[in-house]
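What follows is a short report on a single structure.
In this chain, residues are counted from 1 in sequence order.
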Amino acid sequence: MAVSEENWQSGIELPDSPGHKDRPDLPEDIKDIENPLATVAPQVSQFVIRVRPDRPVHLRYFQTFGLAEEMMHGRRHQFGLTRSHHLLRMQSIRALFEFINGEKDLQSTGQRIARVEDEIEMLHEERFSFLEGVDKYLCQSVMSEEGYLDRHIKQYQSLKPELDTTTVENRFERLRDHLNTRAREEAPEVYDTLAGLEAEYGRRVTEVIADAALDTPYLVGPHNIDGFDTIAVSELDLDRRFNAAVDAAHALDPDDVDDKTAEGLLADIGAELNDPVQDPEAVHPRELNLPLLDIPQKVDSAETLRNKYDVIMEAPTEMGQIINAAFRFTGNFGGVIYKIETPDKEEPQPNWLVNPLIADEEIPSDGLGIPIESADSYKELWEWVYAGDRLLDSILMKVGRHTEPDIGCPLCGVSVSGSCHPDGCPLESKISTLEAQKLDLVKTIEDCRN
């Protein structure tokens with residue numbers, strides 16, 4: 001089966017989630033917390049918050065133990081691997097929309113989607129555990145900083161004043177230890193190597209080494225873009241890149257490290273990786289014009305140079321602080337799916353928001369990775385990509401399962417009113433077209449993969 005929502009996104013879980021029965025019990029006030037707490041998909045600039053807005057204690061736990069890692073994943077927007085994944089996924093979404101519009105036939109569409117999704121699945125298998133291991137370690141490093149838990153404990157006690165400081169400290173430290181254990185289990189060799197590097201050089205150099213391994217200076221997959229080097233997914237070897245970056249770091253003089261900028265260190269280490277590329281003069285994938293990923297990066301004002309914790313805390317509510325982090329922190333996501341309380345519903349309802357700081361930005365005419373013919377604004381582009389991404393997963397998740405996919409407008413499905421736009425759903429006719437042909441498309445993709 002092609003990579004779907006179940007395994008191509010990254011998520012944060014706490015103990016006692018299904019499949020982790022051996023974990024210690026959670027405190028009573030978060031026994032029913034959602035798992036996963038959130039998921040991210042940097043390749044399509046999506047951040048999904050699953051925690052309920054009417055449970056501020058749950059939101060505080062997420063801010064303390066999960067938000068930093070999700071934002072680290074978001075920081076990968078500019079990395080070669082994420083940009084490769086983005087371009088591949090956009091090919092699949094474009095194929096789906098061209099089929100719905102009657103521009104391509106069923107057979108050619110099935111072949112295109114099957115071929116591209118096979119590449120995505122191989123890329124996912126190569127990088128996912130490594131990426132999770134790296135970012136989980138870096139997140140634990142941040143949480144171990146002096147004063148980190150103290151700041152969050154203070155906020156937590158404002159919500160639970162009946163608990164004494166010692167009780168809260170013990171609770172937070174126990175959860176941090178649990179997550180630290182989980183982080184090492186994800187990729188033990190990577191974890192131990194990064195821990196040793198941080199002890200020798202500090203976290204700044206450790207982050208640079210991890211970035212050097214993950215930020216390939218070439219595209220990965222069947223891409224053909226003038227001026228940009230490309231390797232096949234089968235040639236990608238993150239362990240080799242990581243080991244080479246570690247060796248390059250050990251060649252550094254620790255006394256000289258503080259005098260170099262992060263960019264300078266990355267250049268020094270990256271030059272030693274000896275990548276299997278054809279043209280050493282080729283341009284780095286970060287120079288590609290990819291509007292969906294790049295426009296949110298414009299939210300990089302002087303505000304982000306201040307203490308990042310203070311920037312997050314400017315929002316008046318726990319949920320607002322998380323969304324603020326997604327749009328203005330290192331994540332710089334294009335859009336967020338979250339839950340909202342409504343007076344006429346007992347349960348919180350899903351809602352979505354395109355980053356308002358860049359929603360009205362124009363889409364450059366020469367932008368790449370745009371799966372539709374045109375989009376007038378970033379908001380419109382993000383909406384179309386979100387819809388296509390979810391519709392595509394609805395199809396792919398049924399390949400090989402012989403059950404009918406549920407087809408509906410993904411944006412209407414996460415809208416409080418039930419309609420994604422006040423004037424009606426712009427996807428209505430396309431949804432009807434796909435609904436009529438969904439089983440044929442599922443069967444064709446399945447046949448193409450066999």
Side-chain angles (χ1 to χ4, degrees), residues 40-47 74-80 82-98 100-101 103 219 223 225-228 283-304 311 323-338 351-392 409-412 414-415 419-430:
V40 296
Q43 71 277 6
V44 284
S45 207
Q46 295 173 16
F47 180 36
R75 191 171 63 87
R76 311 294 181 192
H77 280 102
Q78 296 298 306
F79 283 22
T82 300
R83 297 170 87 75
S84 298
H85 190 175
H86 169 73
L87 287 169
L88 289 171
R89 189 63 171 183
M90 293 306 101
Q91 289 182 39
S92 284
I93 294 175
R94 175 173 280 276
L96 178 65
F97 281 140
E98 288 179 348
I100 292 173
N101 294 337
E103 301 168 32
L219 292 169
H223 307 284
I225 303 175
D226 288 342
F228 293 86
V283 182
H284 192 286
R286 74 170 63 90
E287 301 302 324
L288 284 166
N289 185 357
L290 305 180
L292 186 76
L293 303 187
D294 294 345
I295 289 177
Q297 305 306 309
K298 293 181 179 181
V299 186
D300 191 20
S301 67
E303 294 171 337
T304 62
V311 171
I323 294 174
N324 194 23
F327 290 154
R328 297 171 56 199
F329 194 35
T330 53
N332 292 109
F333 285 96
V336 169
I337 310 298
Y338 62 106
N351 200 31
W352 55 280
L353 179 67
V354 177
N355 190 332
L357 301 171
I358 45 87
D360 295 330
E361 287 278 337
E362 293 184 2
I363 304 301
S365 59
D366 59 346
L368 299 176
I370 300 177
I372 54 177
E373 287 306 312
S374 65
D376 293 332
S377 67
Y378 185 84
K379 182 175 183 293
E380 183 180 353
L381 174 61
W382 191 91
E383 290 172 359
W384 278 104
V385 169
Y386 179 83
D389 188 61
R390 299 292 83 207
L391 288 171
L392 185 60
C409 172
L411 283 169
C412 288
V414 292
S415 298
S419 177
C420 59
H421 286 278
D423 297 329
C425 176
L427 275 174
E428 185 175 1
S429 62
K430 296 184 185 299

Under the salt bridge (Lys or Arg N to Asp or Glu O under 4.0 Å) test, which residues partner R94, sequence neighbours left out? E98, E373
Sequence neighbours excluded, the answer for side chain to side chain donor-acceptor pair (under 3.5 Å) partners of S92 is E117
Once you round to the nearest 0.5 Å, how far does CG of L391 lie from CD1 of I93? 9.5 Å
Side-chain contact, heavy-atom cut-off 4.5 Å: V44 with H85? no
Working to the nearest 0.5 Å, report the span between NE2 of H86 and CG of L288. 9.0 Å
Kindly write out the residues that satisfy side-chain contact (heavy atoms from CB on, under 4.5 Å) with Q91, not counting sequence neighbours, or none if the list is empty. L88, V116, H223
Looking at side-chain heavy atoms only, is the closest gap between I295 and I363 below 4.5 Å? yes
For residues E103 and F97, determine if any side-chain heavy atom of one lies less than 4.5 Å from a side-chain heavy atom of the other. no
Which heavy-atom pair separates S45 from N332 by the least distance, and what is that distance? OG-O, 4.2 Å
With sequence neighbours left out, what residues match W352 under side chain to side chain donor-acceptor pair (under 3.5 Å)? S415
side-chain contact (heavy atoms from CB on, under 4.5 Å) partners for P356, two or more places apart: F327, L353
Residues which pass ring-ring contact (aromatic ring centres under 6.0 Å, His included) with F228, listed by chain and number, not counting sequence neighbours: none
R390 side chain vs P410 backbone, donor-acceptor pair below 3.5 Å: no
side-chain contact (heavy atoms from CB on, under 4.5 Å) evaluation trace for H77 with D294: CA-CA 8 Å; H77 280 102; D294 294 345; over 6 Å; no
One should read off an interatomic distance between M90 CE and L290 CG, to the nearest 0.5 angstrom, of 9.5 Å
Closest non-hydrogen atom pair between I370 and P291, with its separation: CD1-CG, 4.1 Å
If you take all heavy atoms of F47 and A326, which pair is closest and at what distance? CD2-CB, 3.3 Å
Can you check whether L357's main-chain N or O pairs, donor with acceptor, with N355's side chain at less than 3.5 Å? yes
Atom pair CD/OG of E428 and S419 - distance to nearest 0.5 Å: 9.0 Å
Using the side chain to side chain donor-acceptor pair (under 3.5 Å) criterion, which residues pair with N351? Sequence neighbours excluded. Y338
Would you please name every residue forming a ring-ring contact (aromatic ring centres under 6.0 Å, His included) with Y378, sequence neighbours left out? none
For E383, check side chain to side chain donor-acceptor pair (under 3.5 Å) against everything at least two apart and list the hits. K379, H421
Does D389 reach the main-chain N or O of V385 with its side chain, forming a donor-acceptor pair under 3.5 Å? no
Quick test of your reading: applying salt bridge (charged side-chain N to carboxylate O under 4.0 Å, His left out), list the pairs with at least one residue in residues 355-366, sequence neighbours left out, ordered by first then second residue. K298-E361
Please examine the side chains of P371 and W384, heavy atoms only from C-beta on, and report whether any two atoms are closer than 4.5 Å. no
If we only count heavy atoms from C-beta on, is the E380 to V354 side-chain gap below 4.5 Å? no
Applying side-chain contact (heavy atoms from CB on, under 4.5 Å), name anything that partners C412, two or more places apart in sequence or on another chain. C409, C420, C425
Rounding to 0.5 Å, atoms CG (N101) and CG (L96) come to a distance of 9.5 Å
Can you find a heavy atom in the side chain of Q43 that is under 4.5 Å from one in the side chain of L293? no
